[in-house]
Amino acid sequence: MNPKVTASTLLSFLVASSLFAQSTVSTPIVGFTTLPVRGKTGVNNSLSFISLNLSRPKAFAGIIGTKSVNGSGQTVITFSNSLFTANQFNTSTNKHFFQVKSGSNDGLVAEIVATTTDSLTLADNLDAILDSGVTSFEVVPYWTLATALPSGAGLKTGTSATVADTVTVIDPVSGAGNAYFYHSTANQWRRGSTDSSHVIIPPGAGIMVTRKDSPQVNIQIAGQVRTGSVQADIAAAPSSGARQSYVANPFPLASKTLAQSGLYTGNSSTGVVGGTTATTADNVIIVDPTTGTANTYFYSTSANQWRRGSIDSSSVTIPDGAAVIISRKANRGAFEWYIPQPTF
């Protein structure tokens, strides 16, 4: 079964479609989606690559005020009025991110690390891309393990990761993955013995679920449909060997096609590297959420098209609710992929 959008969400899509055509959205699109996690087959655990394809509702939206850079190289945005409360968006149990919503960097994300009554401090230096009085933005709470997967969300629980299903969140920068399980007696998400309920799942980050029981589990996500692009960080590869980044399709519909994805730009600093074969090119691996079958694609620089082997795959999409694996070959640097919004 593919991930489903409920009737209420689909109705919202239809009502909003004319608004999108006019580049105007008067109200957020909200609803539910269902993400299937395949059951194990025989003695073999199953691996499902899923994505949180709805957002938590935004906490604030506005236009950039005065900008500056502090001594730590972080952008500070100051407003003329008192809009917030101290630490409103940056406590350890309630972290938020800042997302650009206009201009060429639409979709760019930065964590909010400090909040005063009239200012936001971002983790990064965005001074060069923000225009005071022009750039629009949103403040959105991160998904966490507890908010996205409350009480284990139907996955197998247990007193250790050995017996329980595990959820692995892949760090998009380092490529490192940490596995978590829902502790059945402590009633919390854990990594080892550490409470990990408030571990964040960045927008655009893929999730790998290791299922240790036979029935399929359907995880229901309630939230708001993202609009505009979503930034995803693709990790640099080491000097030898490839590095894989697990990236979500953050929208509740199949993605735009590989040809429309913006993954290949012809510039290795802004996209995947093409080649004449999958051996030399970076690979894009899409896992079918129903069967678990993985297909590998690459951009053929001789045919000027996306391919799987010798087959033209330009029209292939990333299924809704699925994550894609981007394998960056040795000595190739990191880049930011702005995942384009599909047509609702």
Side-chain angles (χ1 to χ4, degrees), residues 1-14 29-57 142-158 161 163-170 177 179-184 187-190 196-197 199-201 203-226 246-255 286-295 317-325 342 344:
M1 183 177 71
N2 288 327
K4 299 294 182 184
V5 180
T6 64
S8 61
T9 306
L10 183 57
L11 177 61
S12 297
F13 289 158
L14 296 174
I29 308 169
V30 297
F32 300 87
T33 60
T34 301
L35 309 177
V37 175
R38 294 179 302 108
K40 67 184 293 185
T41 303
V43 298
N44 298 315
N45 297 333
S46 72
L47 297 180
S48 294
F49 299 89
I50 64 172
S51 63
L52 302 179
N53 54 4
L54 295 174
S55 171
R56 296 182 70 188
Y142 281 105
W143 282 116
T144 64
L145 290 171
T147 55
L149 306 169
S151 302
L155 296 171
K156 184 180 182 182
T157 65
V163 296
D165 292 344
T166 58
V167 171
T168 302
V169 180
I170 312 294
Y180 307 92
F181 71 99
Y182 194 81
H183 198 287
S184 54
N187 295 319
Q188 60 186 208
W189 283 96
R190 283 189 171 183
S196 303
S197 301
V199 166
I200 64 173
I201 304 172
I207 301 169
M208 181 177 73
V209 181
T210 304
R211 178 76 171 140
K212 299 172 183 174
D213 222 341
S214 55
Q216 175 175 296
V217 172
N218 295 316
I219 297 175
Q220 191 174 78
I221 302 294
Q224 182 173 309
V225 175
R226 295 179 174 93
Y246 293 73
V247 184
N249 172 3
F251 303 102
L253 295 174
S255 74
I286 299 176
V287 182
D288 186 296
T290 303
T291 65
T293 302
N295 290 317
T317 60
I318 304 167
D320 50 310
V324 62
I325 303 168
F344 292 140

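Small disclaimer: the values here were computed from a predicted structure and weren't measured.
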J.: Between the main-chain N or O of Gly223 and the side-chain N or O of Arg56, is there a donor-acceptor pair closer than 3.5 Å?
T.: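 Absent.
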J.: Looking at Val167, Leu145, Thr144, which one forms a side chain to side chain contact (heavy atoms under 4.5 Å, CB included) with Ile201?
T.: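 For Ile201, the side chain to side chain contact (heavy atoms under 4.5 Å, CB included) test succeeds with only one of Val167, Leu145, Thr144, which is Leu145.
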J.: Report yes if some heavy atom in the side chain of Asp320 is under 4.5 Å from a heavy atom in the side chain of Thr33; otherwise report no.
T.: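 Asp320 vs Thr33: side chains apart.
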J.: Pair Gln220, Asn218 - check side-chain hydrogen bond (donor to acceptor under 3.5 Å, both in side chains), show working.
T.: CA-CA 6 Å; Gln220 191 174 78; Asn218 295 316; over 6 Å; no
J.: Taking all heavy atoms of Gly154 and all of Val217, pick out the closest pair and write down the distance.
T.: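 Closest pair (atom of Gly154, atom of Val217, distance): O-CG2, 3.6 Å.
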J.: Considering non-hydrogen atoms only, spot the tightest contact between Gln216 and Pro36 and give its length.
T.: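 Smallest heavy-atom distance, with atoms named: NE2-CB, 3.6 Å.
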J.: Would you mind reporting whether Pro203 and Tyr142 have side-chain heavy atoms less than 4.5 Å apart?
T.: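 Contact flag for Tyr142/Pro203 side chains = yes.
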J.: Can a salt bridge be assigned to the pair Arg211 and Asp165 using a cut-off of 4.0 Å between side-chain N and carboxylate O?
T.: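 Salt bridge present between Arg211 and Asp165.
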J.: Is the shortest side-chain heavy-atom distance between Ile286 and Ile318 below 4.5 Å?
T.: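 They are in side-chain contact.
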J.: Parallel, tilted or perpendicular: which describes the rings of Trp189 and Tyr182, with under 30° parallel and over 60° perpendicular?
T.: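 It falls in the perpendicular class, over 60°.
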J.: Quick one, Ser255 and Thr317 - any side-chain contact, counting heavy atoms below 4.5 Å?
T.: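 With C-beta onward as the side chain, the pair touches.
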J.: Under the side-chain contact (heavy atoms from CB on, under 4.5 Å) criterion, do Ile221 and Ile219 qualify, and how do the steps go?
T.: CA-CA 7 Å; Ile221 302 294; Ile219 297 175; 4.0 Å; yes
J.: Do you know which two heavy atoms are closest between Gly206 and Ala323, and how far apart they sit?
T.: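 Taking Gly206 first and Ala323 second, the nearest heavy atoms are CA-CB, 3.9 Å.
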J.: How long is the straight-line distance from CD1 of Ile29 back to OG of Ser55, given to the nearest 0.5 Å?
T.: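 Spacing of OG (Ser55) from CD1 (Ile29) equals 12.0 Å.
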J.: If I compare all heavy atoms of Ala322 with all of Ser51, which pair ends up nearest, and what's the gap?
T.: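 Of all heavy-atom pairs spanning Ala322 and Ser51, the closest is O-OG, 3.1 Å.
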J.: Going by heavy atoms in the side chains, are Leu47 and Met208 under 4.5 Å from each other?
T.: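 Yes, side chains in contact.
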J.: About how many Å separate CG of Asp213 and CG of Leu155, when rounded to the nearest 0.5 Å?
T.: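 The distance works out to 10.5 Å.
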J.: I need the Ile207 CD1 to Tyr246 OH distance, nearest 0.5 Å.
T.: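 With rounding to 0.5 Å, CD1 (Ile207) is 13.0 Å from OH (Tyr246).
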J.: On a heavy-atom basis, which atom in Thr291 and which in Thr293 lie closest, and how many Å separate them?
T.: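 Here Thr291 and Thr293 meet closest at OG1-OG1, 3.0 Å.
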J.: Taking all heavy atoms of Pro342 and all of Ala254, pick out the closest pair and write down the distance.
T.: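 Looking at all heavy atoms of both residues, the shortest contact is CB-O, 3.4 Å.
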J.: Hey, could you give me the OG1/NZ distance between Thr166 and Lys156, rounded to the nearest 0.5 Å?
T.: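 With rounding to 0.5 Å, OG1 (Thr166) is 11.5 Å from NZ (Lys156).
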J.: With heavy-atom distances below 4.5 Å as the criterion, would you say the side chains of Val225 and Leu54 are in contact?
T.: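 Result yes, sub-4.5 Å side-chain heavy-atom pair found.
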J.: For the NZ atom of Lys40 and the OG atom of Ser46, what is their distance to the nearest 0.5 Å?
T.: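 Rounded to the nearest 0.5 Å, the NZ-OG separation comes to 9.0 Å.
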